[in-house]
Amino acid sequence: MKIAVIGTGYVGLVTATCLAESGNEVIGIDKDAGKIATLEAGRLPIYEPGLLELVQRNRREARLAFTTDLAGGVQRADLVFVAVGTPQAADGSADLTALWAVADAFADVLNGPKILIIKSTVPVGTNRAVADRVAARVRHPVDVASNPEFLKEGAAVDDFMKPDRVVVGVRRPEVGEALRELYTPFLRTERPFLVMSPESAEMTKYVANAMLATKISFINEMANLCERMRADINDVRRGIGHDERIGFQFLFPGAGYGGSCFPKDVHSLICMARQAGLLPRIMQAVNEVNEAQKRVLGQKIRAHYGADLKGKTLAVWGLAFKPRTDDIREAPALVLIDELLAEGVTVRVHDPEAIPNVRAVYGDRLVYCDKPYGALEGADALAVVTEWQEFRRPNFDVVRGLLRAPVVFDGRNLYEPQAMVARGFTYYGIGLQGGGGPGTT
Ligand SMILES: NC(=O)c1ccc[n+]([C@@H]2O[C@H](COP(=O)([O-])OP(=O)(O)OC[C@H]3O[C@@H](n4cnc5c(N)ncnc54)[C@H](O)[C@@H]3O)[C@@H](O)[C@H]2O)c1
């Protein structure tokens, strides 16, 4: 099939590349000339494991190309995916500016029947609004389908190649069949292809993210309570997870969720509910708990040192909102860094991939270290905010030797509290008996 993908960000670039990998002829379109130039030079504008090799191979085999020319790209395609950003607007709703711009541009250059497929996460009713808007401007028939994306940054290629399920929202069965054909190569392990109305497809994406965000806020609230009750969330987690109705997944306490999806999608769902005259109590609570959770590490640090942090130096490991990505949108690490900077703390940071993005925000206000141990030199303590694999088993003798004092604030419960104390550390985790610290394990 001939396919255009508009928006070559985290979702669009993976979509375009994986569709090319399955034999389609794909053009990735973006208005960001810098991104397109980077891609044309055979490099990636983002970090995503396994993606570079696929992009390079498919470009070499002439199945994948990139352009800023929306008209040319759209006119050659039968299927046109939209994967532009839908960030949070000031009022909490989804900002659809980019989507409308693309819908109008698409309508203006339409040269024959095509299927427009909305992959961006958009409020329920957007499919209908886009269809009406395009129909008002064109003479050719246009089907607008919804195909929400469930990939996870850091595992995006695998998720796209072997999805749990593919959801499409269509108004005509023929459109569903065209999309089924497109996705068949990815569904060979009997994964379901679910056809529903566009409204249900749009809603499915929000409900999935809301459920996941709810699990995180739930376990974080329970972790904070464990600390006060002198219980240990690690034991409690094991104690509940063996119940198959509960399970272990997505029930790890931490420093709060971030990223470009959960925060904005929860807010967008809250707006949708309010507009529909409902009170979204759970979603409001999920959001409030998360905002508070992003401040828990800062509270533990203040509690350890007393009121005055001025003049201290803190090392921060992990800046991306989660491991295996360079994405720092809404990352909990940024909340901690802002708090520390406001208190006059010198902050030495390390992340395997996210430093360029962090530097673009903070400039010379932080000390950037390209090695984890480098960040520890002369620091009064270490705070771990993102659970990159390489932070899980450091050489603790080296860590203790480099830090001015052996103090670790572990925002992801990566380390075993008793072992840390035995190694001579003052150790704070999330949801541990008494919150960690001296004499608590
Ligand atoms: N990032 C994720 O993990 C993820 C997962 C599932 C769904 N989503 C959803 O997918 C959508 C895209 O997310 P993302 O993280 O890839 O965003 P992104 O910001 O990384 O990428 C969006 C791209 O769209 C481009 N763009 C914006 N306006 C354009 C226009 N008029 N013409 C051409 N290109 C334009 C931007 O330049 C950018 O490259 C969002 O709705 C998001 O909620 C994201």
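Order of listing sets the numbers, starting from 1, for every ligand and every atom in it. We're numbering straight along the sequence, starting at 1. Only this structure's heavy atoms are used, side chains among them; waters, hydrogens and symmetry mates stay out.
Taking atom 10 (O) of ligand 1 as the reference point, the nearest protein heavy-atom neighbour is Val11 CG2, 3.6 Å. Looking only at heavy atoms of the protein, atom 2 (C) of ligand 1 is closest to Glu153 OE2, 3.4 Å. Protein heavy atom at the shortest distance from atom 22 (C) of ligand 1 is Gly85 N, 3.5 Å. Protein heavy atom nearest atom 9 (C) of ligand 1, with residue, atom name and distance: Thr121 OG1, 3.4 Å. Atom 31 (N) of ligand 1 has as its closest protein heavy atom Val102 CG2, 3.6 Å. Of all protein heavy atoms, the one lying nearest to atom 40 (C) of ligand 1 is Thr86 OG1, 3.5 Å. Annotation: atom 35 (C) of ligand 1 to nearest protein heavy atom, Val84 CG1, 3.6 Å. For atom 37 (O) of ligand 1, the closest heavy atom belonging to the protein is Asp30 OD1, 2.6 Å.
Residue-ligand proximity, Ser260 to ligand 1, at heavy-atom distances under 4.0 Å covers atoms 1 (N), 15 (O). Less than 4.0 angstrom separates some heavy atom of Leu151 from each of these atoms of ligand 1: 3 (O), 5 (C). Each of the atoms 6 (C), 7 (C) of ligand 1 lies under 4.0 Å from some heavy atom of Glu149. The Lys264 neighbourhood of ligand 1 comprises atoms 42 (C), 43 (O), with distances under 4.0 Å to a heavy atom of that residue.
Residue Lys205 has no nitrogen or oxygen atom sitting less than 3.5 Å from a nitrogen or oxygen atom of ligand 1, judged on distance alone. Geometrically, ligand 1 and Asp327 share no nitrogen or oxygen pair separated by less than 3.5 Å. Where the criterion is an N or O separation shorter than 3.5 Å, residue side chain and backbone included, Asp32 fails it with respect to ligand 1. Any N or O atom pair closer than 3.5 Å counts here, and Leu70 shares no such pair with ligand 1. Of the N or O atoms in Lys31, one or more lie within a sub-3.5 Å distance of an N or O in ligand 1. Taking distance alone, with nitrogen or oxygen atoms compared against 3.5 Å, Lys152 stays at or beyond that limit from ligand 1. For ligand 1, one of its N or O atoms has an N or O atom of Lys35 under 3.5 Å away.
Contacts with ligand 1 closer than 4.0 Å are made by side-chain heavy atoms of Ile6 only, the backbone lying farther away. Only the side chain of Arg329 comes within 4.0 Å of ligand 1, judged by heavy-atom distances.
Although no hydrogens or angles enter the test, the distance criterion places a donor-acceptor pair under 3.5 Å between the side chain of Asn147 and the main chain of Val167. Formation of a donor-acceptor pair under 3.5 Å by the Lys205 side chain with backbone atoms of Glu149 is found in this model. In this structure, Thr325 contributes its side chain and Gly154 its backbone to no donor-acceptor pair below 3.5 Å. Checked by atom type and distance alone, the side chain of Glu202 pairs as donor or acceptor with a backbone atom of Asn127 at under 3.5 Å.
Between Trp388 and Tyr47, the ring planes lie tilted relative to each other; the angle falls in the 30° to 60° range. Using cut-offs of 30° and 60° for the angle between ring planes, the Phe193 and Tyr183 rings count as tilted.
Residues Phe160 and Leu51 have side chains not in contact (no heavy-atom distance under 4.5 Å, counting atoms from C-beta outward). Between Tyr362 and Leu334 there is a side-chain heavy-atom pair separated by less than 4.5 Å.
For the pair Arg76 and Glu25, the salt-bridge criterion is not met [side-chain N within less than 4.0 Å of a carboxylate O]. The pair Arg295-Glu339 counts as a salt bridge, with a side-chain nitrogen and a carboxylate oxygen less than 4.0 angstrom apart.
Checking each of Val5, Val55, Thr8, Val26 against Thr17 for a side-chain contact (heavy atoms from CB on, under 4.5 Å) leaves exactly one that passes, namely Val55.
Between Tyr368 and His350, the ring center distance fails the sub-6.0 Å criterion.
Among Ala98, Gly7, Ala83, the residue whose heavy atom lies nearest to atom 28 (N) of ligand 1 is Ala98.
More than 12 heavy atoms of other residues, nucleotides or ligands lie within 6.0 Å of CD in Glu174, so this atom counts as buried by the packing criterion.
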